[in-house]
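As the structure lists them, so they are numbered: ligands from 1, and atoms in each ligand from 1. Numbering starts at 1 and runs along the sequence shown. What's counted below: heavy atoms across the whole structure, side chains too, no hydrogens, waters or symmetry copies.
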Amino acid sequence: MCGIIGYIGDKQAQPILLNCLGRLEYRGYDSCGVAVSSSGIEVYKDAVRVEALGKALPQFSGTVGIGHTRWATHGGPSQVNAHPHLDCHGTIAVVHNGIINNFRELKRQLINEGHNFVSETDSEVIPHLIEKYYHGNLEEAVEAAVRDIEGSYAMIVLRAGESRLIAARKDCPLIVGIGDRENFIASDVPAILGYTNRVIYLEEGDIGVATPDGIKIRRDGIEVDREEHKILWSIEEAQKAGYEHFMLKEIHEQPKVIRDTLGEYTRVAEPVVDDLAVMRAVGIESMLMLACGTSYHAALIGKYVVEELLGIPVRAEIASEFNYYGQTLAGTAAIVITQSGETADTLRAIRRLKGVGCRVVAITNVVGSTASRIANQTIYTRAGPEISVAATKSFMAQLMVLYWLAMSYSKADSRRLASLLMGLRQLPSKVQQVLDDEDKILECAKFLSRYEDVFFIGRGINFPVALEGALKLKEISYIHAEGYASGELKHGPFALLGGDTPVIAIVARDNTYEAILTNIKEVKARGSPVMALAEEGDEAIGELADLVITVPRVDTVFSPVVNVVALQLLAYYTAKQRGCPIDFPRNLAKSVTVE
Ligand code: AGP
């Protein structure tokens, strides 16, 4: 998720582009750049924040230009990988947001046709494709180029000497801002709100042509009209897309994050993790997963999934503990999970593992992060930048990578695999169902917000979900919450139960069902109110629990996906009820870079 901007009008473009880019940094901030056209195109870009770029930028003159702030997906943050990207002659400049899935094939073809590439990015194929199809009409060249592209894109194209900008979108947002003798094209409303609040939303497949005096939109070669909207949001509200907090926005982004992450990997026949393939070929006996915080909870769920589908023992360890005592067995495949890629404890574990000859695969959300540079192999989650300190969508993307990995190397029979693949593909709509059914969660949050101590219990693959539910509630609502394997309560925590200590039970319809119903009865008998998270159609649970949050039915292996979204919302609305600073809770940092 990058931020792109285009300006065409009667004012100098450069300062306007920088201003708009500054407001798009919530979409990505690892590098940025601008291109301004007068007779030729001048480009300046670097792996810096927009403010620093503004200070270093030479004065370009011109009233038409484009800009980009990046969230790297292909090729680490660097000056050469930053946008805008140019064609061979430097006459066509492009800024792009999205992922081009077939860029490797396109790049090979274009190189065979004599094009020179300078970056590692997927986006650089666009100006070269446009150059290939340019025969005097820029719009037609863009239409031809996008026909070759598989994947998602929002792009703005600038050609030297032309007083117009071409925009195109597919699966990524793109808007037009209507001004007085000037027009804007941008990824999102916050960028342009300082200049105009008259906005047109481009639709899937639209090609827009912006000039200082207007905007023309075509779809499949036919001119179309699009409704103009008046935006009443403040810039901050717009950055949150109308949600009150980044956390709620990021929770609601999860269906798209699941599609983006799975879209990236399920497309290729043979998964690209040759380290794992090699290890399995040489008879890998065990796997070690290491992480911290929420990422550790993803590792714990990964343990259940890999053990079930690959039939090999998996150790899921807390990195900060592993660094002081952990042993590694020869032939251990090591996977480390880290959203930021900068968590000190996890980085130390990577170095320690490599130090004893282990090959390490890192699962991370940040391209170019330290973890991605020191691990032997990296698998990127496609959650986009996560602003809220409490990890939500990044956790979901981590689960998708772990499911895909386990299914790619699974020993399960083809029927089981086929039903799992079907289940995986249905997850975005199942998660959407949970998101659309917030009312019950709101009621439960009101109930929960008046307590100071809470237990979450779960069994099997949902034990880590209990840990994650407790962590989310702790982090943002400041309620003391503990996640527990529900069979463990009777070995001590029972002493804490009573009317002031509610218990949230995650009830999956699997081989642990009867056991957890028994645990709920035991908890009730000790006076604790019980809130149950249960599958739709589970009549029995309503008789037992005081409050029930219902989630859609999925295969047990996928139950953490729907359950964790419900618990994220529960934590969010409980914290809101208590008036907590949800996105930036006290004493916490988004990336913990100290041990
Ligand atoms: C989760 O909401 C927290 N932000 C924290 O526990 C986090 O998961 C942990 O610090 C690990 O971060 P990482 O995934 O970036 O390594």
Can you report which non-hydrogen protein atom sits closest to atom 10 (O) of ligand 1, along with the distance?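 Among all protein heavy atoms, the one nearest atom 10 (O) of ligand 1 is Val592 CG2, 3.8 Å.
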How far is atom 4 (N) of ligand 1 from the closest protein heavy atom, and which atom is that?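 Heavy-atom neighbour on the protein nearest atom 4 (N) of ligand 1: Val389 O, 2.9 Å.
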Using heavy-atom distances, let me know which of Thr392, Thr343, Ile337 sits nearest atom 12 (O) of ligand 1.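 Selected option, by shortest heavy-atom distance: Thr343.
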Heavy-atom distance to atom 2 (O) of ligand 1: which of Glu475, Lys590, Gln568 wins? Glu475
Element-labelled atoms of ligand 1 that are located less than 4.0 Å from some non-hydrogen atom of [X]:
X: Cys292; answer: 8 (O), 9 (C), 11 (C)
X: Thr294; answer: 1 (C), 2 (O), 6 (O), 8 (O)
X: Lys472; answer: 1 (C), 2 (O)
X: Ser295; answer: 8 (O), 13 (P), 14 (O)
X: Ala391; answer: 1 (C), 2 (O)
X: Ala390; answer: 2 (O)
X: Gln339; answer: 13 (P), 14 (O), 15 (O), 16 (O)

Could you tell me whether [X] and [Y] make a salt bridge, using a distance below 4.0 angstrom between a side-chain N and a carboxylate O?
X: Lys590; Y: Glu386; result: yes
X: Lys249; Y: Glu244; result: no
X: Glu253; Y: Lys256; result: no
X: Glu307; Y: Lys303; result: yes

Apply the side-chain contact (heavy atoms from CB on, under 4.5 Å) test between Val454 and each candidate in Ile504, Val503, Thr574; give the one that qualifies. Ile504
Candidate list Leu567, Ile461, Leu300, test side-chain contact (heavy atoms from CB on, under 4.5 Å), partner Pro560, passing option: Ile461
Using distance alone, decide if ligand 1 has a nitrogen or oxygen within less than 3.5 Å of any nitrogen or oxygen in Gly341.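 The answer is no, given that Gly341 and ligand 1 share no N or O pair closer than 3.5 Å.
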Nitrogen or oxygen of Thr346 less than 3.5 angstrom from that of ligand 1: no
For residues 441-473, pull every pair meeting ring-ring contact (aromatic ring centres under 6.0 Å, His included), keeping only residues two or more places apart or in separate chains. Phe447-Tyr451, Phe455-Tyr484
Are His297 and Phe395 an aromatic pair by the rule of ring centers under 6.0 Å?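 Not under 6.0 Å, so no.
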I need the contact type for Glu342 against ligand 1. Using non-hydrogen atoms and a strict under-4.0 Å cut-off, is it side chain, backbone, both or neither?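 Answer for Glu342: neither.
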According to salt bridge (Lys or Arg N to Asp or Glu O under 4.0 Å), does anything in residues 550-566 pair up with another residue at least two apart or in another chain? List the pairs.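 Found Arg416-Asp555, Glu535-Arg553.
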Does NZ or CZ of Arg586 lie under 6.0 Å from the centre of the six-membered ring of Tyr478, at an angle within 45° of the ring axis? yes
Check for me whether Ser591 has a heavy atom closer than 4.0 Å to any atom of ligand 1. no
